[in-house]
Amino acid sequence: MDFIVAATLKAIKHLYNTDITAGDINLQETRKEFDGQVTLVTFPFTRFSKKSPEQTGNEVGAYLQNELSEVAGFNVIKGFLNICFADDYWLTQLYSEILPDDFAVFKPNGQKVMVEYSSPNTNKPLHLGHVRNNLLGFSVAEILAAAGYEVIKTNLVNDRGIHICKSMLAWQKWGDGETPELSGMKGDHLAGKYYVLFDKEYKLQIEALKAAGQTEDEAKKNAPLIKEAQQMLQQWEAGDAEVKKLWQTMNTWVYTGFAETYKKLGVSFDKFYYESDTYILGKDIIEEGLEKDIFFRKEDNSVWIDLTADGLDEKLVLRSDGTSVYMTQDLGTAQLKYNDFHMDKSLYVVGNEQDYHFKVLFLILKKLGKTWAQGLFHLSYGMVDLPSGKMKSREGTVVDADDLMAEMEQTAKEQALAKGKIDAFSEDEKLHLYHIIGMGALKYFLLKVDPKKRLLFDPNESVELEGHTGPFIQYTHARIKSVLKKAGALEKSKATGYQKLAGEERDLIVALTRFPEIIKLAAEAYSPALIANYIYELAKNYNKFYHENPILQAEDESSKHFKLLLSFAAGKVISKGMKLLGIEVPERM
RNA sequence: GGUCCCAUAGCUCAGCUGGAUAGAGCAACAGAUUUCUAAUCUGUAGGUCAUAGGUUCGAAUCCUAUUGGGAUCACCA
């Protein structure tokens with residue numbers, strides 16, 4: 001639509017002898033109830049036209065129609081100039097923009113972006129909160145790649161620490177040699193089982209100590225189990241062979257489990273970082289900060305930064321015993337990542353509970369003069385809550401990722417069987433269909449909402465498969481494929497006689513032309529929700545067109561071939577758009 | 001208490017840098033299948049955009065305050 005902007009600038013210059021910039025021009029989609037496809041808001045022009053909004057609109061409209069062959073007509077309602085483009089213009093858009101293979105393919109922009117997401121703890125299986133994180137991270141990476149970035153997907157695995165020791169200790173005490181092989185339990189679930197068990201026994205000990213007269217805080221510190229876990233962590237850090245061996249064994253179980261979950265989720269990573277490697281990093285940066293007088297040392301030898309001038313607090317960056325805290329590690333890891341890849345941008349897909357941490361992290365790096373810190377961004381998303389409140393792994397009140405995916409597939413299966421349309425499918429095709437529909441419903445459900453909003457998930461209400469959902473869009477795609485299959489080969493030459501568009505056809509082409517712009521917006525906003533909502537609108541447009549316009553029984557050959565090409569284009573954009581969300585689309589369902 | 005985020009139909013959500021009578025889906029009700037997939041389509045009903053001020057020709061959108069919800073302010077990660 002750039003040419004309309006350019007022509008409007010000329011019109012304003014010609015009619016009112018005023019120079020304005022493109023930013024002063026307010027173009028929007030024409031609302032359905034009015035004639036036209038693009039609307040120019042004329043209120044801002046009245047300042048220098050010295051005429052009513054209506055009159056200004058009429059003058060600009062007449063000028064545009066006169067100057068541009070693409071403009072077939074216009075109407076003015078109040079301060080809104082609705083511009084109608086010639087059908088010929090939309091046909092050209094379809095044939096020379098949308099249908100070619102390079103539609104919505106962005107050239108490489110020469111920029112490199114890292115997306116860190118998932119970042120699980122290796123003491124328990126993934127839950128619904130992780131699912132949101134994974135889908136968001138993967139989708140944003142896809143969108144950025146589509147927008148021309150070189151993308152590196154990373155996973156910073158939190159594989160050490162007291163929480164891991166809790167699982168290890170519980171297994172050692174009560175596991176009786178249980179393994180994934182012996183129990184048939186997925187490795188991550190097995191580790192999680194002992195994490196929960198630890199917490200249960202720990203709580204019993206706390207209660208016992210409280211009954212013996214200790215305060216809550218004392219009891220928490222003095223419980224034998226927590227002391228043992230802490231001791232184990234020290235042994236781990238000291239490199240104790242037996243502890244390391246157990247750690248490695250259990251982590252391997254967990255990784256095998258995660259790999260399976262990631263595969264089902266359809267997410268992947270280019271590079272793994274392990275906290276067991278990175279937790280000692282960052283001390284160089286502390287030295288650097290001390291030299292630059294950005295950090296200061298307190299009497300007890302701990303190192304701090306004073307951020308009160310920036311409206312934040314004093315923050316500890318190194319413990320008095322010289323060991324790292326979370327911030328120390330993250331400073332070091334940020335530097336490590338940059339050294340490894342020299343990326344222009346780096347996204348951290350992490351929940352909004354860590355907003356403050358990242359604010360501080362980025363600020364410190366900027367204060368240290370790291371120019372690359374300008375490219376750091378915390379992609380913060382809202383928590384997933386249950387009606388009963390927050391999910392807590394150690395209390396077992398979580399919606400497990402594997403269970404949830406299995407339930408979604410089951411729901412998809414029941415629905416598909418009830419519809420009775422897949423009897424002719426092979427068993428493999430059926431299973432694949434249940435998977436992509438179940439996952440499509442789940443992914444769409446989680447991605448269609450603005451990432452920063454918190455999400456309420458009711459496990460008792462199954463995720464919808466009708467209406468504004470993934471399966472609705474998948475269904476639209478399957479329907480398009482079905483028509484195309486029945487029609488045989490697409491022949492563009494046979495469609496050229498078709499010149500006059502039906503309203504639904506024009507609306508559909510208009511919607512299709514917006515795809516590249518939507519990708520760009522989604523990449524700038526890091527928001528899969530924009531893609532999700534766009535594809536939904538597009539699918540609705542198609543379904544309307546489909547209902548009102550017979551395709552295979554069209555009035556003549558050119559009409560039929562045009563409608564087939566239009567269907568093909570819609571199918572292509574739906575499929576590409578869904579791929580950006582990490583959602584597969586079926587050929588039939 | 002300080003800081004940050006959120007508040008739109010009964011429910012779940014759109015609403016881009018301010019623009020026309022605030023839009024979808026679900027749930028409710030009424031319709032559409034001799035015809036390309038009814039996981040679809042059409043219609044009815046449902047709103048003081050949390051509240052109060054302010055800026056503007058124009059505010060759900062921007063500013064301020066208030067209310068409600070959430071997060072965070074650890075020598076945990």
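Here is how names work: the chains are called A, B, and so on, in the same order as the sequence lines, proteins then strands, and each is numbered from 1.
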By centroid distance (under 5.5 Å) and plane angle (under 30°), are Y356(A) and A71(B) in a stacked arrangement?
no
H378(A) and N352(A) side chains, donor-acceptor separation under 3.5 Å
no
Where do E464(A) and A441(A) come nearest, in terms of heavy atoms and distance?
O-CB, 4.0 Å
note: Y348(A), atom OH; A77(B), atom C1'; distance rounded to Å ~ 15 Å
Within residues 155-162 of chain A, those residues having any heavy atom closer than 4.0 Å to RNA chain B are N158(A)
Span that lies between the P atom of U61(B) and that of A50(B), in whole angstrom:
8 Å
Please verify the inter-ring angle class for F48(A) with Y16(A); under 30° counts as parallel, over 60° as perpendicular, anything in between as tilted.
tilted
Nucleotide N/O to protein N/O under 3.5 Å, stretch nucleotides 6-12 of chain B:
unit_1, atom_1, unit_2, atom_2, d
A7(B), OP1, K453(A), NZ, 3.3

Picking from K452(A), R454(A), K453(A), what satisfies salt bridge (charged side-chain N to carboxylate O under 4.0 Å, His left out) with D450(A)?
K452(A)
Can a side-chain donor-acceptor contact be found between Q410(A) and E414(A) if the only test is distance below 3.5 angstrom?
yes
Heavy atoms under 4.0 Å, any strand shown: does V325(A) hit a base, just sugar-phosphate, or nothing?
sugar-phosphate
Any base atoms under 4.0 Å from E275(A), or only sugar-phosphate, or nothing? Heavy atoms, all strands.
sugar-phosphate
For the side chain of Y536(A), starting at C-beta, report the closest nucleotide among A24(B), C16(B), C26(B).
A24(B)
Which value, in whole Å, describes the distance between the P atoms of nucleotides A9(B) and A22(B)?
14 Å
Nearest-Å distance for atom pair CZ/C1', residues F45(A) and G19(B):
13 Å
Euclidean distance for C1', A71(B) against U37(B) (whole angstrom)
47 Å
N/O (side chain, R454(A)) to phosphate O (OP1/OP2, G70(B)) under 4.0 Å
no
Hey, do the aromatic rings of Y274(A) and W247(A) have their centres closer than 6.0 Å?
no
What is the distance from CD of E466(A) to C1' of C13(B), rounded to the nearest Å?
18 Å
Kindly say whether, by distance alone, the side chain of T39(A) makes a donor-acceptor pair under 3.5 Å with the base of A20(B)?
yes
When the C1' atoms of C26(B) and U40(B) are considered, how many whole Å apart are they?
16 Å
E29(A) CD to G23(B) P: how many Å, rounded?
14 Å
note: F80(A), atom CZ; A20(B), atom P; distance rounded to Å ~ 5 Å
Checking all strands, does A416(A) fall into the base, sugar-phosphate, or nothing category for heavy-atom contacts under 4.0 angstrom?
base
A24(B) and G58(B), which share atom name C1', separated by this distance in whole Å:
26 Å
Euclidean distance for P, G70(B) against A38(B) (whole angstrom):
46 Å
Stems with RNA chain B, 3 or more Watson-Crick or G-U pairs in a row (under 3.5 Å), are B:1-7 with B:67-73, B:10-13 with B:23-26, B:28-32 with B:40-44, B:50-54 with B:62-66
Between R31(A) and N82(A): side-chain donor-acceptor atoms closer than 3.5 Å
no
Reference residue L27(A); test side chain to side chain contact (heavy atoms under 4.5 Å, CB included); the match among T39(A), L81(A), V5(A)
V5(A)
Looking only at side-chain atoms of K78(A), point me to the closest of C26(B), A77(B), A20(B).
A20(B)
What string of B, S and - do you get for nucleotides 32-38 of chain B 5' to 3' if you count protein non-hydrogen atoms under 4.0 Å?
---SBBS
Shortest non-hydrogen contact from K443(A) toward L581(A)
CD-O, 4.3 Å
Tell me if a side-chain donor or acceptor on K421(A) pairs with a main-chain N or O of R588(A) at a distance below 3.5 Å.
no
Gap in Å between the two P atoms, one belonging to C63(B) and one to G47(B), rounded:
29 Å
Walking RNA chain B from its 5' end, the first of L530(A) and F472(A) to be reached, judged by nearest nucleotide, is L530(A)
Which pair of heavy atoms, one from T8(A) and one from I4(A), lies closest together, and at what distance?
OG1-O, 2.6 Å
Cut-off 3.5 Å, no hydrogens considered: what does the side-chain donor-acceptor table look like for residues 545-555 of chain A, sequence neighbours left out?
unit_1, atom_1, unit_2, atom_2, d
N549(A), ND2, E504(A), OE1, 3.2
N549(A), ND2, F545(A), O, 3.0
E555(A), OE2, S559(A), OG, 3.2

Taking only the side-chain nitrogens and oxygens of K544(A), find out if one of them lies under 4.0 Å from OP1 or OP2 of U42(B).
yes
Would you say the side chains of N158(A) and N121(A) form a donor-acceptor pair under 3.5 Å?
yes
Residue from F362(A), F377(A), Y117(A), Y381(A) passing ring pair (Phe, Tyr, Trp, His ring centres under 6.0 Å) with Y348(A):
F362(A)
With F80(A) as partner, the option from V41(A), T30(A), N26(A), L40(A) fulfilling side chain to side chain contact (heavy atoms under 4.5 Å, CB included) is V41(A)
Pair D321(A)-T323(A), side-chain donor/acceptor within less than 3.5 Å:
yes
Base versus backbone protein contacts along nucleotides 55-61 of chain B [heavy-atom cut-off under 4.0 Å; B, S, -]:
--B----
RNA chain B: N82(A) or T476(A), which has the more 5' nearest nucleotide?
N82(A)
Atom P, compared across G25(B) and G43(B): separation rounded to whole Å
10 Å
How close or far is atom P of G18(B) from atom CD1 of I25(A), stated in whole angstroms?
16 Å
Rounded to the nearest angstrom, tell me the gap between atom CD in E353(A) and atom C1' in C5(B).
13 Å
Can you see whether H435(A) engages E409(A) through a side-chain donor-acceptor pair at a distance of less than 3.5 angstrom?
yes
Compute the centroid of each ring, for H468(A) and then for Y444(A), and state whether the two points are separated by less than 6.0 Å.
yes
Taken to the nearest whole Å, CZ/F362(A) to P/C4(B) is 18 Å
Any side-chain donor near an acceptor of the partner, N301(A) and S320(A), under 3.5 Å
no
